[in-house]
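Read the structure below first, then the notes.
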Amino acid sequence: EIPLKYGADRLGKRSDAAMQKFRDNRLGAFIHWGLYAIPGGEWNGKVYNGAAEWLKSWAKVPSDEWMKLMDQWNPQNFDARAWAKMARQMGVKYVKITTKHHEGFCLWPSKYTKYTVTNTPYKRDILGELVKAYNDEGIDVHFYFSVMDWSHPDYRYDIKSKEDEEAFSRFLEFTDNQLKELATRYPTVKDFWFDGTWDASIKKNGWWTAHVEKMLKDLVPGVTINSRLRADDYGKRHFDSNGHLMGDYESGYERRLPDPVKDLKVTRWDWEACMTVPENQWGYHKDWTLSYVKTPLEVLERIVHAVSMGGNMVVNFGPQPDGDFRPEEKQLAESIGRWMKKYGECIYGCDYSGWEKQAWGYYTRKGKDVYMVVFNPPYSKHLVVKTPVGTEIVKAVTVNGGKDVKITETARNEYNVDMPDKDPGEPFVIKLETKEKT
Ligand SMILES: C#C[C@@H]1N[C@@H](C)[C@@H](O)[C@H]1O
C-alpha cells in the first residue's frame, strides 16, 4: 500500500452505537433553504432551468449584489415545529439542514461573517429553532456545510501563488471557526455532510480535510462525517489512494443509485444517497414544470432501492421564501408517511439481504427476517424467490395484515410465494422468516 498521512483512518464499517443509529435511521430528509429561495430560479426577468440554489452562478450575479437578498429575508410563515411535525409524519428519522450553502449565507448567527440571519429583517436563529424542533420530535439533525463559499474574499478555486496560499490559509481558519461554532452551539448535531469540496484548492489541502474530521469528532463524540469532505495526501477524494473509504460513509450517490446487480460492492461499506424530486432542484424553484417531477411512488422506490443495498436515502425539500413548503412537497411527505406507517418495518433498521435480486422488487433484511418489497407484481401471480444455499424459508406473512402467505418449493432453494388474494393497490411487503438448514 502507498504510505499516507491523510488517508482513511479506519478500515471497514464503524461498529459503534452512533453509527448503528445512523444506519438504522435509513430514511432522511434534506432541507435546502437559503437566499436562493427568494428569486426561486428567476433573475432580472429571466427564468433559469438550472438548479435554483446555483442561480447566482447561472445569472453571473456578483456576490455583493447577491447578498443584498438578505434585506428581503423575512420568512413570516416559518414554523420550526410545523416543519418537524411534517418530518415526523413522513417517517423520516433524520433531517439534513443546509447551515450554509455555496452562497455563504448562514442560517445561524455566526460571529465570523456578516452574512447571517442576524443581519436580516428576520433576525432569529433559524438553525437553532430547527435543531430544537426536530430533536423534540425525536428526529436527529445533520448539518450540511458547503466549504466552497462564494461570498468570502479569501476563497480560492486553486492555489497558484503565494497570495493564493495566504488567502486560502485565512479561509481555512475562518471555516474551522464556523465549524467549531456549529459543533459547540448545537451539540446534539449527529452528522456533518460536507459539500463544495471538489476544487483543486481543497484537493491540495487533504491535510485540512483530515484535520476537520478529527476536530469535529473530538468536539462531538460519535458524530458521523461524510466521505465528500475528504481528500488524501494526493488529492484523491472519497476513497484514498489505497482504495479505502475516508469518512464514515460514502456520499457520492447524489441523484443516482448503485445498480442492484453490478454495484454490489457498495454493500461492503456504509453509504447514503440523496435525491431531488424534480430532475435537479435542491433549492426552491418557482417553476417545477421545467423538468420531470417524480411521483411519490418513484420516490418510494428509490428509498427502498437504497435500503435494499445497505444504504440510506435522503429526500430533498426546498422550502419557499416565506418559510412554508410548496403543496407538492407536503403531499409527498404525507404519501410517503402513509406507506411508512404500514410497511416501515422493512426500512428502519434493515440492511442488504444478500439474496439475488428478483424482477418483482427488492429484498431488505433484519436479522433472520427477509422482507420482500413488491413493486412489480407478475402476471404469474407467483413471486419467485431464490435463497442462498443452506437457507430455507420457514414462514411468509404479509406486513400490515399479518396474513399467512402460501409458499411452494419449486426446486432446490427456489420457491413460489403467492401474491395476496386482494391486490393492495400499492407496493406491498411480505416478511419471510428463515432458518439455516441443519
Ligand atoms: C452541485 C451541487 C450541490 N450538491 C447538492 C447536494 C446540492 O446542494 C447542490 O447545490
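Numbers here simply count residues along the sequence, with the first being 1. For ligands, and for the atoms within them, numbers begin at 1 and follow the listed sequence.
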Tell me, please, whether Y284 has K286 positioned over its six-membered ring: NZ or CZ under 6.0 Å from the ring centre and within 45 degrees of its axis?
no
Applying a strict 4.0 Å limit to heavy atoms, is Y36 in contact with ligand 1?
no
Aromatic contact between F428 and Y343, with the criterion being ring centroids under 6.0 Å apart: yes or no?
no
Shortest protein heavy-atom distance from atom 10 (O) of ligand 1, along with the residue and atom involved
E53 OE2, 2.7 Å
Assert yes or no for the condition that the ring centre distance of H101 to Y144 is strictly below 6.0 Å.
yes
E426 side, atom CD; N400 side, atom CG - distance, nearest 0.5 Å:
7.5 Å
Suppose we measure from atom 7 (C) of ligand 1 to each protein heavy atom; which comes out shortest, and what is that distance?
H32 NE2, 3.4 Å
Would you say W54 and ligand 1 have an N/O pair spaced under 3.5 Å apart?
yes
Taking only non-hydrogen atoms of E254 and a 4.0 Å limit, the atoms of ligand 1 in range are 2 (C), 4 (N), 5 (C), 6 (C)
Can D125 and R185 be counted as an ion pair, charged N to O under 4.0 angstrom?
yes
When distances are taken from atom 3 (C) of ligand 1, the protein heavy atom at minimum range is D195 OD2, 3.2 Å
Under 4.0 Å to a heavy atom of Y144 - the qualifying atoms of ligand 1, by number
8 (O)
Working to the nearest 0.5 angstrom, can you tell me the gap between R365 CZ and S308 OG?
13.0 Å
